[in-house]
Amino acid sequence: MIKQVVAFVENQKGIMWQMTAALRKDGIRICGMSTVDSPEFGIVRMIVDQPENAIACLTKMGVVVKACEVIAVALSEREEMEDVLQVVQDGNVNLNYFYSSFGSSMESPLLILNAADMDETEAMLLGHGFACLNTAG
């Protein structure tokens, strides 16, 4: 599993730019991102190459931040998102959310998963031959 940075931000003009610019200024590379919003606030989930530094950077900006573990599945040329989701479905796993990443130093795309039982889900995916990462970037 890898660390995901989760930021809770007010839904205001320019906040995404402010966050990404601050991370870039501190030399932190964003490898994947997902956002969910409402009229008042947003949740930004990020995979970065330096999670602890990203948390410090965003906290310094006044952003409420936390970290949590997610499963990062590296897809090979022969594997697709549907292959991963089929294993999850066959295993009767409840996925809380998933998204794909970009910009990883790996050549293959990553599928980021959060499930009800993270350890069981990761073990199941590994048992089916999928590559699950323990670091990002």
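Position 1 is the first residue of the sequence; numbering continues from there. The figures here come from the full heavy-atom set of this structure, side chains too, leaving out hydrogens, waters and symmetry mates.
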- prompt: Please, which pairs that meet salt bridge (Lys or Arg N to Asp or Glu O under 4.0 Å) have at least one residue in residues 50-64, sequence neighbours excluded?
  reply: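 Non-adjacent pairs meeting salt bridge (Lys or Arg N to Asp or Glu O under 4.0 Å): Lys3-Glu52.
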Could you state the interatomic distance from [atom1] ([X]) to [atom2] ([Y]), rounded to the nearest 0.5 Å?
X: Asn134; Y: Ile2; atom1: CG; atom2: CD1; result: 9.0 Å
X: Ile15; Y: Phe41; atom1: CD1; atom2: CZ; result: 14.5 Å
X: Ile47; Y: Ser100; atom1: CD1; atom2: OG; result: 11.0 Å
X: Thr59; Y: Met61; atom1: OG1; atom2: CE; result: 10.0 Å

Note, [X] side chain near [Y] side chain (heavy atom, < 4.5 Å):
X: Leu85; Y: Phe98; answer: yes
X: Leu113; Y: Leu125; answer: yes
X: Met81; Y: Val84; answer: no

message: Please check if the number of heavy atoms outside Glu10 that lie under 6.0 Å from its CD is greater than 12.
response: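 No.
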Mind checking what makes side chain to side chain donor-acceptor pair (under 3.5 Å) contact with [X], not counting sequence neighbours?
X: Asn92; value: none
X: Asn96; value: Asn114
X: Asn53; value: Gln50

Taking all heavy atoms of [X] and all of [Y], pick out the closest pair and write down the distance.
X: Leu133; Y: Ala74; answer: CD2-CB, 4.3 Å
X: Asp83; Y: Glu80; answer: OD2-N, 2.7 Å
X: Ala115; Y: Val93; answer: CB-CG1, 3.8 Å
X: Cys57; Y: Ile28; answer: CB-CD1, 4.3 Å
X: Ile112; Y: Gln4; answer: CG2-OE1, 4.3 Å

message: Does the Lys NZ or Arg CZ of Arg45 fall within the cation-pi geometry relative to Tyr97 - under 6.0 Å from the ring centre and within 45° of the axis?
response: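 Positive - Arg45 is close enough to the ring of Tyr97 and near enough to its axis.
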Donor-acceptor pairs are to be reported for all side-chain atoms of residues 116-124 against protein atoms at under 3.5 Å, with residues two or more places apart or in another chain.
| from | atom 1 | to | atom 2 | distance (Å) |
| --- | --- | --- | --- | --- |
| Asp117 | OD1 | Asp119 | N | 3.4 |
| Asp117 | OD1 | Glu120 | N | 3.0 |
| Thr121 | OG1 | Asp117 | O | 2.7 |
| Glu122 | OE2 | Met1 | N | 2.9 |

- request: Mark yes or no for whether Asn11, through its side chain, and Ser38, through its backbone, hold a donor-acceptor pair below 3.5 Å.
  value: yes
All N/O donor-acceptor pairs, side-chain side in residues 16-26, below 3.5 Å, sequence neighbours left out:
| from | atom 1 | to | atom 2 | distance (Å) |
| --- | --- | --- | --- | --- |
| Thr20 | OG1 | Met16 | O | 3.0 |
| Thr20 | OG1 | Trp17 | O | 3.2 |

Contacts under 3.5 angstrom, residues 64-72 side chains, donor-acceptor by atom type, not counting sequence neighbours:
none

